[in-house]
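Here's the structure we're looking at; comments come further down.
Keep in mind that the numbers below use all heavy atoms, side chains included, and drop hydrogens, waters and symmetry copies. Per chain, numbering begins at 1; letters A, B, ... match sequence-line order.
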2 protein chains.
Amino acid sequence: MTKPDNAPNLYDQWLDSLSESGYRVTAPRRAIVEIVANSPRALGPLEIYDQGRAEYRGLGLVTVYRTLEKLEELGLVQRVHHPQGCHMYLRAADGHEHLVLCTSCGKAEYFSGDNIDKLTHAVARKTGFEIREHWLQLFGLCSDCKNK
Amino acid sequence: MTKPDNAPNLYDQWLDSLSESGYRVTAPRRAIVEIVANSPRALGPLEIYDQGRAEYRGLGLVTVYRTLEKLEELGLVQRVHHPQGCHMYLRAADGHEHLVLCTSCGKAEYFSGDNIDKLTHAVARKTGFEIREHWLQLFGLCSDCKNK
DNA sequence: TTGATATTGAAAACCTTTTTCAATTATAGC
DNA sequence: GCTATAATTGAAAAAGGTTTTCAATATCAA
Ligand SMILES: [Mn+2]
Ligand SMILES: [Mn+2]
Ligand SMILES: [Zn+2]
Ligand SMILES: [Zn+2]
């Protein structure tokens, strides 16, 4: 039920991944990783910068951009298109998953098991397109925001 | 099979719609409407500006932004999030429809009859979200680009 | 501990979108 | 067809957000 204490958390996993890829583990990167890995919402660069400075005083916004670039390259983080902004970042999906997003607080959750194959084929037949990918996002109120 | 010659086309419809809403029909607006209404692809402001100047020499980029704003407000045009850009504009959907987009030439087609209700309910049950909207876009190669 | 080099933040550059403003233009009413 | 009024226009400036440049600093393999 509960995770064993020694299970590596995202924070450690991400730092290890940076390290193993030859990138250095620095104080600004630790601050950024800490924030993004633990956020239940997709965050924009400026939000990460603001929250990040609480952990590492001298953090620069440029470093936020550069670090997100690397985390994305390593597949640890993914960009999310949100009505509130198109450059939001969230921990990456685990395989083929899509997002449900709370329109009130921004909370993001992945789900799997979409059932759009039939639809995909029908559209392919009707339009003549050869379909290769899809974007799907659901929006609504999370359970917290619903009860308020 | 073919549309009668007197069937109002999008160009005329949009100009009428502007007029009926109290907006004035001007040369720059005609140029912009002409281009966006007839485009098979979603276009960005700068593309519209470039193409528009071919029709109306003195067109300003500001006017493109302002006109798109009004066309969107009137429900004639909608914003499309594209991998190539998040501020692309396309004639609006007719009711509840979604897009298939060609990753090669950008061609956009609407389709209807999505079948994601079961999925929506399953996700609602599993996550506790009350789902109100969804975004769905399919990507692939259009029939022209496929045969090349 | 040291040295090669990756990383950093500040500042400048860049690019896109919005605001400001004086001149122009559409259109309703005559 | 004119005219008066108010909407619309494009240029220029301002505002935002992202990227590039660069000299100083910090990491980490040896
Ligand atoms: Mn899917
Ligand atoms: Mn739908
Ligand atoms: Zn919520
Ligand atoms: Zn977007």
Side-chain angles (χ1 to χ4, degrees), chain A residues 12 14-36 42-74 76-77 79-89, chain B residues 12 14-36 42-74 76-77 79-89:
Chain A
D12 291 325
W14 291 13
L15 295 184
D16 286 352
S17 178
L18 281 166
S19 197
E20 278 160 28
S21 306
Y23 294 124
R24 294 180 179 176
V25 174
T26 65
R29 285 183 180 165
R30 278 192 295 264
I32 293 164
V33 164
E34 155 93 47
I35 284 159
V36 180
L43 300 172
L46 207 69
E47 290 176 293
I48 297 169
Y49 173 61
D50 284 336
Q51 296 185 34
R53 278 197 301 182
E55 309 231 343
Y56 177 71
R57 204 96 299 276
L59 181 63
L61 180 56
V62 221
T63 301
V64 173
Y65 280 99
R66 290 190 281 225
T67 301
L68 286 172
E69 200 172 273
K70 280 168 182 70
L71 294 176
E72 189 174 28
E73 169 199 324
L74 296 177
L76 302 172
V77 142
R79 184 176 160 195
V80 174
H81 294 254
H82 217 267
Q84 283 78 16
C86 282
H87 288 85
M88 313 282 284
Y89 292 84
Chain B
D12 291 325
W14 290 13
L15 294 184
D16 287 352
S17 179
L18 281 166
S19 197
E20 278 161 27
S21 308
Y23 294 122
R24 294 179 178 177
V25 174
T26 65
R29 286 183 180 164
R30 278 193 294 267
I32 293 164
V33 164
E34 156 91 48
I35 284 159
V36 179
L43 299 172
L46 206 69
E47 289 175 294
I48 297 168
Y49 173 61
D50 284 336
Q51 295 185 35
R53 279 197 300 182
E55 309 232 341
Y56 177 72
R57 203 97 300 276
L59 181 63
L61 180 55
V62 220
T63 302
V64 173
Y65 280 99
R66 291 190 281 225
T67 301
L68 286 173
E69 199 172 273
K70 280 168 182 70
L71 294 177
E72 189 174 26
E73 168 199 325
L74 297 177
L76 302 172
V77 142
R79 183 176 161 196
V80 174
H81 294 254
H82 218 267
Q84 282 79 14
C86 283
H87 288 85
M88 314 281 284
Y89 291 85

Run the side-chain hydrogen bond (donor to acceptor under 3.5 Å, both in side chains) test against [X] and tell me which residues pass, sequence neighbours left out.
| X | result |
| --- | --- |
| A:Q51 | none |
| B:Q84 | B:H82 |
| A:E69 | none |
| A:E72 | none |

Q: Sort and list the pairs that fulfil side chain to side chain donor-acceptor pair (under 3.5 Å) and have at least one residue in residues 19-31 of chain B, not counting sequence neighbours.
A: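 Listed by first then second residue: B:Y23-B:E73.
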
Q) Can you list the residues that meet the salt bridge (charged side-chain N to carboxylate O under 4.0 Å, His left out) rule with B:D50, with sequence neighbours excluded? A) B:R53

Q: For B:E34, check salt bridge (charged side-chain N to carboxylate O under 4.0 Å, His left out) against everything at least two apart and list the hits.
A: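 B:E34: no salt bridge (charged side-chain N to carboxylate O under 4.0 Å, His left out) contacts found.
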
Q. Given Watson-Crick or G-U pairs with both distances under 3.5 Å, what dot-bracket string fits DNA chain C, with | for other-strand pairs and [ ] for crossing?
A. ||||||||||||||||||||||||||||||

Between the protein and nucleotides 20-22 of chain D, list the N/O to N/O atom pairs that are separated by less than 3.5 angstrom.
none

For nucleotides 12-17 of chain C, which of its nitrogen or oxygen atoms have a protein nitrogen or oxygen under 3.5 Å away, and what is each distance?
unit_1	atom_1	unit_2	atom_2	d
C:dT17	OP2	B:Y65	OH	2.0
C:dT17	O5'	B:Y65	OH	3.0

Q) Can you list the residues that meet the ring-ring contact (aromatic ring centres under 6.0 Å, His included) rule with B:H81, with sequence neighbours excluded? A) A:H81, B:W135

Q) Using a cut-off of 4.0 Å between protein heavy atoms and nucleotide atoms, how would you tag nucleotides 23-30 of chain C 5' to 3' with B, S and -? A) --BBS---

